[in-house]
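Residue indices begin at 1 and follow the sequence shown.
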Amino acid sequence: MAYGFYGWQTADIKDALGLTPRDYYDLLAQLWSRETCAPRMRADWTPENPTLGQCSVTAFLMQDIYGGTVHGVALGDGNYHCFNVVGDLVFDLTSEQFGDRRLDYTGCPAQDRAVHFAKAEKRERYEALKRALYARRAAIEAESTERG
C-alpha cells in the first residue's frame with residue numbers, strides 16, 4: 001500500500017509490538033481530530049486533511065515509541081513543523097498537510113519537548129492523543145495475545 005507521508009517507503013522500524021510508522025499512521029488517522037489540532041489551525045482542520053496541526057504532538061508520540069529525536073522545519077512564520085529522526089531514518093507522519101509543497105528536512109534543528117510542552121494546551125493535546133493511541137495499542141496487543 002502506498003502512503004503519502006514523507007519517508008513512508010523506508011519507515012520499516014518496529015516497536016515492541018512489531019508496529020511500523022506506517023501502522024501508526026493508520027492508527028492515528030482514526031484519532032487525529034479538531035481537538036488534537038493546534039488551536040491556530042482548528043478552523044481549517046477537516047477529516048479530509050487530518051494531519052493539519054498535528055505535527056508536534058504526533059512527532060513526540062513517535063519519539064516515545066521509537067526513540068530518536070524530533071526536529072523542526074522552519075516554516076518562515078516563526079513556527080516549526082516537527083518530524084522524526086531515528087538513526088538514519090527520517091519520517092514525517094503529518095507531512096501530507098502541506099499538499100504538494102515539499103519541505104526540506106536537511107539541517108533542521110532538534111526540538112525540545114520541554115519547550116513545546118510548556119504550552120499547557122499542547123501538552124493536553126499530546127496527552128489526549130497519547131491516551132487514545134495507547135488504548136488502540138493495548139487492544140492490538142490483547143488481540144495478538146488471544147491469537148497465540
For a quick test of reading the model, state the closest non-hydrogen atom pair linking R102 to G99 and the distance between them.
NH1-O, 4.1 Å
Is it true that atom OH of Y80 has more than 12 heavy atoms of other residues, nucleotides or ligands lying nearer than 6.0 Å?
no
Note: V73 and D104 closest approach over all heavy atoms is CG2-O, 3.7 Å
Crowding at CD, E141 (>12 non-hydrogen neighbours, <6.0 Å)
no
The reported gap from CG in L19 to CZ in R136 (rounded to nearest 0.5 angstrom) is 13.0 Å
Write down the atom of C82, the atom of C55, and the distance for their closest heavy-atom approach.
N-SG, 3.4 Å
In the single-linkage hydrophobic clustering (I, L, V, M, F, W, Y; side-chain heavy atoms under 4.5 Å), do L52 and L129 co-cluster?
no
For W32 against P50, the heavy-atom pair lying closest together
CB-O, 3.4 Å
Sole candidate of L133, N84, V70 that passes side-chain contact (heavy atoms from CB on, under 4.5 Å) when paired with L61:
L133
Could you point out which residue of R125, R42, E124, Q54 forms a side chain to side chain donor-acceptor pair (under 3.5 Å) with T36?
Q54
Take R113 and D64, measure what salt bridge (Lys or Arg N to Asp or Glu O under 4.0 Å) needs, and give me the verdict at the end.
CA-CA 11 Å; R113 179 182 294 253; D64 292 345; 2.7 Å; yes
Cluster check F5, L75: I/L/V/M/F/W/Y, side chain < 4.5 angstrom:
no
Got a sec: does the CG of D77 have more than 12 other heavy atoms crowding it under 6.0 Å?
yes
Determine the interplanar angle of the Y25 and Y3 rings, folded into 0 to 90°, and report it as parallel if under 30°, tilted if 30 to 60°, perpendicular if over 60°.
perpendicular
I want to check something: taking the side chain as every heavy atom from C-beta on, are Y24 and D15 in contact at a cut-off of under 4.5 Å?
yes
Is there a path from W8 to M62 through hydrophobic residues (I, L, V, M, F, W, Y) whose side chains come within less than 4.5 Å of each other?
yes
Side chains of D12 and R22: does their closest heavy-atom pair fall under 4.5 Å?
yes
Ring centers of F60, Y126 separated by less than 6.0 Å
no
State which residue, out of H81, H71, H116, fulfils the side chain to side chain donor-acceptor pair (under 3.5 Å) condition with Q111.
H116
Start with the C-alpha distance between I140 and D23, add both sets of side-chain angles, then the distance that settles side chain to side chain contact (heavy atoms under 4.5 Å, CB included), and finish with yes or no.
CA-CA 11 Å; I140 290 168; D23 297 318; over 6 Å; no
Does T51 offer a backbone N or O that forms a donor-acceptor pair with the side chain of T94 under 3.5 Å?
no
Cluster link V90 to L28, ILVMFWY, side chain under 4.5 Å
no
Please report the closest heavy-atom contact between Y66 and T20, naming both atoms and the distance.
OH-C, 2.9 Å
Does the ring center of Y105 lie less than 6.0 Å from the ring center of Y6?
yes
Ring-face cation contact, Y134 with R137, 6.0 Å cut, 45° max
yes
Minimal heavy-atom distance between Q97 and M41, with the atoms involved, is OE1-SD, 4.4 Å
Are V86 and F83 grouped together when hydrophobic residues (ILVMFWY) are joined by side-chain heavy atoms under 4.5 angstrom apart?
no
